[in-house]
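Report on one structure; see the data block that follows.
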Amino acid sequence: MLFCGINPGLLSAATGHHFARPGNRFWPVLHLSGFTPRRLAPAEQEELLTYRLGITNVVARATARADELSAEEFREGGRILTAKVELLRPQWLAVVGVTAYRTAFGERKAQIGPQERMIDSTRVWALPNPSGLNAHWTAETMAQEYARLRTAAEATTQD
């Protein structure tokens with residue numbers, strides 16, 4: 001599983017750790033959904049590899065807010081991400097932020113959940129953005145959606 005955030009926030013850029021802002025719910029949701037046996041801290045992101053999980057971003061440029069990115073940056077990020085997925089060949093790409101997914105891949109009507117798009121043999125799933133700014137998703141409802149992905153991934157691993 002390769003998780004893909006939108007872009008680094010300023011704290012993530014400063015620390016070198018994904019989802020480093022204290023109010024971000026990625027790490028708690030990853031644990032609540034069953035991807036990790038305990039809640040990891042951003043500084044422990046390397047431990048994701050022991051669970052066969054990876055993490056990257058659509059856009060590399062750090063910003064205070066994702067809405068500072070241009071549509072072209074998202075599209076270019078989508079091309080770079082596609083090349084990364086073709087090289088690494090994860091079973092699943094989980095894009096954390098449906099709006100970022102829509103823009104990066106030109107899928108204007110994409111919804112949260114499994115996508116029809118595949119990158120070679122990699123399946124794609126759009127997840128809710130765990131930012132504290134995404135107030136209409138609680139940690140619990142996000143964890144349910146992340147767990148739905150985990151269950152689908154486990155089912156395809158057993159095939």
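Just so it is clear, the structure is predicted and the values come from calculations on it, not from any experiment.
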Counting only N and O atoms by type, is there a donor-acceptor contact under 3.5 Å from the side chain of Glu73 to the main-chain atoms of Ser70?
yes
Taking only residues two or more places apart in sequence, or in another chain, which ones meet Thr36 in a side chain to side chain donor-acceptor pair (under 3.5 Å)?
none
Take atom CZ in Arg61; do more than 12 heavy atoms of anything else shown fall under 6.0 Å from it?
yes
Carboxylate-amine/guanidinium contact Glu47 Arg38, below 4.0 Å
yes
Decide whether Val95 and Ile80 are clustered together by the hydrophobic rule: side chain heavy atoms of Ile, Leu, Val, Met, Phe, Trp, Tyr closer than 4.5 Å, transitively.
no
A side-chain contact here means heavy atoms from C-beta on lying under 4.5 Å apart; do Pro42 and Thr15 qualify?
no
Looking at SG of Cys4 and CG of Leu81, how far apart are the two atoms once the value is rounded to the nearest 0.5 Å?
4.5 Å
Using a strict threshold of under 4.0 Å (side-chain N to carboxylate O), is an ion pair present between Arg79 and Glu76?
yes
Hey, is Glu116 close enough to Arg123 for a salt bridge, meaning N to O under 4.0 Å?
no
To the nearest 0.5 Å, what is the distance between CG on Leu32 and CZ on Arg25?
11.0 Å
Output the distance between atom CG (Asn129) and atom CG (Asn24), rounded to the nearest 0.5 Å.
7.0 Å
Please round to the nearest 0.5 Å and tell me the distance separating atom CG of Asn57 and atom NE2 of His18.
5.0 Å
Given 3.5 Å as the limit, does a donor-acceptor pair link the side chain of Asp120 with the main chain of Thr122, or not?
no
Nearest heavy-atom contact between Ala20 and His17 is CB-O, 3.4 Å
State the CD-OG distance between Gln144 and Ser33, to the nearest 0.5 angstrom.
11.0 Å
Test log, rule salt bridge (charged side-chain N to carboxylate O under 4.0 Å, His left out), inputs Glu145 and Arg148
CA-CA 5 Å; Glu145 186 61 30; Arg148 205 164 69 96; 2.9 Å; yes
Within this structure, what is the NZ-CG distance for the pair Lys84 and Leu93, rounded to the nearest 0.5 Å?
10.5 Å
How does the hydrophobic cluster around Met1 look, that is, which other residues are in it when side-chain heavy atoms under 4.5 Å mark a link?
Phe3, Phe19, Phe26, Trp27, Val29, Leu30, Phe35, Leu40, Leu48, Tyr51, Leu53, Ile55, Trp92, Val96, Val98, Ile112, Trp125, Leu127, Trp137, Met142, Tyr146, Leu149
Not counting sequence neighbours, which residues clear side-chain contact (heavy atoms from CB on, under 4.5 Å) with Asn7? List them please.
Val59, Thr63, Ala66, Leu69
Taking atom CD of Glu46 as the centre, does the number of heavy atoms from other residues, nucleotides or ligands within less than 6.0 Å exceed 12?
no
Donor-acceptor contact below 3.5 Å, side chain Arg102 vs main chain Ala110
yes
Hey, is the main chain of Tyr101 close enough, under 3.5 Å, to the side chain of Glu107 for a donor-acceptor pair?
no
